[in-house]
Amino acid sequence: MHWLDKLGERAARSVAHTTSRRSVLNRIGRVLVGTAFLMPVLPVARSAPADSKKPQMDDTACDYWRYCAVDGFLCSCCGGSMTSCPPGTSPSAVSWVGTCHNPLDGKDYLISYNDCCGKAACGKCMCASAERERPGYQMFLHNDVNWCMSNESSIFHCTTSVIVGLAKPKPKS
């Protein structure tokens with residue numbers, strides 16, 4: 001193995017004598033810049049897997065269509081359902097709204113998100129989606145508020161997602 005060490009040392013010294021640090025850095029820089037320009041044109045599979053095209057129908061999953069503007073623990077994981085609070089809790093007197101697209105029928109629905117209040121936080125199925133969320137000064141369109149503040153008990157437990165109705169389409173201009 002001593003001869004291999006000597007061979008490696010001679011090769012390294014030969015390269016060191018014939019090249020400067022600047023030329024090595026110059027070559028490395030050219031390779032990096034060239035790679036950066038080539039990356040966008042390299043063939044890459046950019047389409048999503050076929051399974052992800054199917055609409056999510058699990059009401060305990062954050063990517064279920066009704067949860068497009070939810071922020072909190074899902075009541076469907078906490079002893080309640082999408083539309084009803086678990087026993088021992090009560091729905092908040094105020095809520096926030098979101099407009100969610102149902103991929104099954106292609107329509108947009110107005111969804112009312114009601115916090116269920118009165119018990120400690122559920123701790124299961126935390127979802128935080130901010131699709132079309134507005135700043136905090138537009139309270140009824142903002143989901144980062146403790147909506148239990150208007151109830152007798154301001155302790156947050158989980159959130160329901162109730163369909164209020166079809167959303168009106170935007171007028172064509």
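For clarity, every value in this text was computed on a predicted model and none was experimentally measured.
- The cluster map of Ile, Leu, Val, Met, Phe, Trp and Tyr, joined by side-chain heavy atoms under 4.5 Å apart, puts Met126 and Val70 in different clusters.
- Taken together, Cys62 and Cys127 meet the criterion of an SG-SG distance shorter than 2.5 Å.
- In terms of heavy atoms, Val97 sits closest to Ser112 at CG1-CA, 4.4 Å.
- Between the side chains of Ser95 and Ser92, no donor-acceptor pair of N or O atoms lies under 3.5 Å.
- Nearest heavy-atom pair, Tyr67 versus Ala61, reported as atom, atom and distance to 0.1 Å: CD1-O, 3.2 Å.
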Exercise for the section: Go through Asp5 and Glu9 one step at a time and tell me if the side-chain contact (heavy atoms from CB on, under 4.5 Å) criterion holds. Expected result: CA-CA 6 Å; Asp5 290 339; Glu9 182 181 351; over 6 Å; no
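- In terms of heavy-atom proximity, Gly88 sits nearest to Lys119 at O-CG, 3.8 Å.
- For the cysteine pair Cys85 and Cys75, the distance separating the two SG atoms is not below 2.5 Å.
- Put simply, the side chain of Asp58 never gets that close to the backbone of Tyr64: no donor and acceptor are under 3.5 Å apart.
- Proximity of Leu7 to His2: side-chain heavy atoms (C-beta onward) are nowhere separated by under 4.5 Å.
- The two residues Gly118 and Ser153 come nearest to each other via the heavy atoms CA-OG, 3.5 Å.
- Looking at every heavy atom in both residues, Thr99 comes nearest to Ala167 through CG2-CB, 3.6 Å.
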Practice task
Could you check Arg66 against Thr83 for side-chain contact (heavy atoms from CB on, under 4.5 Å), going step by step and ending with a plain yes or no?
Solution key: CA-CA 11 Å; Arg66 276 194 194 190; Thr83 58; 3.6 Å; yes
Exercise for the section: Could you check Thr159 against Trp96 for side-chain contact (heavy atoms from CB on, under 4.5 Å), going step by step and ending with a plain yes or no? Expected result: CA-CA 11 Å; Thr159 304; Trp96 73 97; 3.7 Å; yes
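- A distance of 10.5 Å separates OG1 of Thr160 from CG of Leu74, quoted to the nearest 0.5 Å.
- A 4.5 Å side-chain heavy-atom check between Arg30 and Asn26 finds at least one atom pair inside the cut-off.
- One hydrophobic cluster, built from ILVMFWY side chains closer than 4.5 Å, cannot hold both Leu25 and Leu32; they sit in different ones.
- Sulfur-sulfur distance for Cys122 and Cys77: not below 2.5 Å, with no disulfide indicated.
- A donor-acceptor contact shorter than 3.5 Å links the side chain of Tyr113 to the backbone of Ala69.
- When every heavy atom of Asn151 is checked against every heavy atom of Pro91, the shortest pair comes out as ND2-O, 3.0 Å.
- A parallel orientation is assigned to the rings of Phe156 and Phe73, their planes being inclined by less than 30° (bins at 30° and 60°).
- For the atom pair Asp59 CG and Ser81 OG, the distance stands at 8.0 Å (nearest 0.5 Å).
- Between the CD1 atom in Ile111 and the CE atom in Met82 there is a gap of 9.0 Å [rounded to 0.5 Å].
- Here OG of Ser90 is found 10.5 Å from CG of Asn114. Values are rounded to the nearest 0.5 Å.
- No donor-acceptor distance shorter than 3.5 angstrom exists from the side chain of Thr89 to the backbone of Cys116, with no hydrogens or angles considered.
- Counting only distance, with no hydrogens or angles, the side chain of His157 and the backbone of Ala120 share a donor-acceptor pair below 3.5 Å.
- Looking only at side-chain heavy atoms (C-beta outward), Tyr109 and Leu166 come within less than 4.5 Å of each other.
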